[in-house]
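What follows is a short report on a single structure.
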Amino acid sequence: DTGVSQDPRHKITKRGQNVTFRCDPISEHNRLYWYRQTLGQGPEFLTYFQNEAQLEKSRLLSDRFSAERPKGSFSTLEIQRTEQGDSAMYLCASSPTIGTETYEQYFGPGTRLTVT
Amino acid sequence: AQSVTQLDSHVSVSEGTPVLLRCNYSSSYSPSLFWYVQHPNKGLQLLLKYTSAATLVKGINGFEAEFKKSETSFHLTKPSAHMSDAAEYFCVVSGQRRALTFGSGTRLQVQP
């Protein structure tokens with residue numbers, strides 16, 4: 001399968017614990033995005049990378065959240081000191097950029113986080 | 001700044017009848033517009049996209065959408081609904097920064 005993959009698919013953690021999610025984009029895609037989706041809502045943008053550079057972070061991304069893409073391939077999203085309000089589906093997407101044109105984003109299946 | 005408003009949170013149709021899911025957008029730039037579909041427990045799938053070429057865009061599974069700049073609308077239609085079309089549909093705008101802004105979604109229910 002050559003689509004976007006995410007791991008784990010589900011994570012249950014206790015409040016105050018740290019969690020880390022991984023995203024593997026489609027191999028030739030140089031842009032990688034993270035979104036968060038809560039129940040009954042559309043996904044909301046968190047951050048994105050072009051290759052290994054993190055180009056933008058949303059105001060939603062508090063200082064407890066950090067994302068990396070060290071070699072411009074896979075990315076990790078870490079949440080420190082989780083809170084119940086962090087419970088959501090975390091989605092990763094990737095897209096190619098050719099010249100100045102950016103194409104549609106392809107989404108992974110998501111990681112569902114439940115904070116108890 | 002950009003935003004999307006999906007005018008109906010739920011739409012129910014009978015199998016074989018037309019589908020209309022309504023979307024209005026706001027963007028400071030010439031937008032790219034998309035419709036994505038999300039089936040239960042599955043990832044988001046791109047249905048179609050508009051990127052300033054033809055205003056009538058055809059997508060997968062018989063869906064199409066028409067970009068109307070004067071009305072700032074991008075409604076999704078399908079001539080004949082199928083049971084497998086039941087899902088959550090998101091209208092999406094991509095502006096200058098390329099991150100996507102999603103609408104709140106429309107849940108399509110298809111009755112037998």
Side-chain angles (χ1 to χ4, degrees), chain A residues 1-7 9-10 23-26 29-50 53-61 67 88-112, chain B residues 1-10 21 23-25 27 29-53 57-60 63 65 74 76 87-108:
Chain A
D1 184 71
T2 57
V4 178
S5 62
Q6 293 186 246
D7 183 70
R9 296 290 305 276
H10 302 274
C23 170
D24 286 89
I26 295 171
H29 287 183
N30 53 6
R31 284 211 173 186
L32 186 149
Y33 301 79
W34 285 99
Y35 294 84
R36 181 173 70 186
Q37 185 178 20
T38 53
L39 203 61
Q41 299 296 318
E44 296 173 294
F45 167 73
L46 292 178
T47 187
Y48 85 90
F49 293 83
Q50 175 137 337
Q54 188 173 17
L55 296 186
E56 187 169 354
K57 294 191 287 187
S58 161
R59 287 190 297 271
L60 292 175
L61 209 68
M89 178 75 85
Y90 290 84
L91 297 167
C92 176
S94 70
S95 71
T97 299
I98 301 172
T100 58
E101 191 63 34
T102 301
Y103 295 83
E104 62 266 25
Q105 296 178 24
Y106 295 84
F107 283 81
T111 294
R112 183 170 295 283
Chain B
Q2 59 204 32
S3 65
V4 170
T5 302
Q6 292 186 243
L7 299 172
D8 306 289
S9 59
H10 289 87
L21 305 184
C23 171
N24 287 349
Y25 71 91
S27 177
Y29 308 97
S30 295
S32 295
L33 292 160
F34 308 83
W35 278 95
Y36 278 83
V37 62
Q38 189 173 39
H39 290 272
N41 300 316
K42 292 192 176 180
L44 286 158
Q45 181 183 20
L46 179 69
L47 274 180
L48 49 81
K49 65 176 181 179
Y50 165 78
T51 54
S52 76
V57 181
K58 293 189 183 299
I60 62 171
F63 285 94
F74 190 57
L76 181 71
E88 189 87 18
Y89 290 80
F90 293 98
C91 183
V92 183
V93 62
S94 173
Q96 195 177 46
R97 72 173 188 190
R98 302 302 178 186
L100 301 180
T101 299
F102 283 75
S104 56
T106 298
R107 181 165 299 278
L108 176 64

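Quick caveat: nothing in here was measured; it's all calculated off a predicted structure. All values below come from the heavy atoms of this structure, side chains included, with hydrogens, waters and symmetry mates left out. Below, read A as the first sequence line, B as the second, and so on, with proteins coming before strands; counting in each chain starts at 1.
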B/Q38 versus chain A, heavy atoms under 4.5 Å apart: side chain, backbone, both or neither? side chain
What part of B/K49 lies closer than 4.5 angstrom to a heavy atom of chain A: side chain, backbone, both or neither? side chain
Is the number of heavy atoms from other residues, nucleotides or ligands within 6.0 Å of CD1 (B/I60) greater than 12? yes
Hey, does A/Y35 have a side-chain heavy atom less than 4.5 Å from the side chain of B/L44? no
Can you measure from CD (A/E104) to CG (B/L47) and round to the nearest 0.5 angstrom? 12.0 Å
Which atoms form the tightest heavy-atom contact between B/A99 and A/Y33, and what is the distance? CA-CE2, 4.0 Å
Would you mind checking which part of B/L46 comes under 4.5 Å of any heavy atom in chain A, side chain (CB onward), backbone (N, CA, C, O), both or neither? side chain
Between B/F90 and A/P43 the two heavy atoms that sit nearest each other are CE2-CD, 4.2 Å
Can you say whether A/E44 sits under 4.5 Å from chain B via the side chain, the backbone, both, or neither, judging by heavy atoms? neither
Which answer fits A/L91, side chain, backbone, both or neither, if we ask what part of it has an atom under 4.5 Å from a heavy atom of chain B? side chain
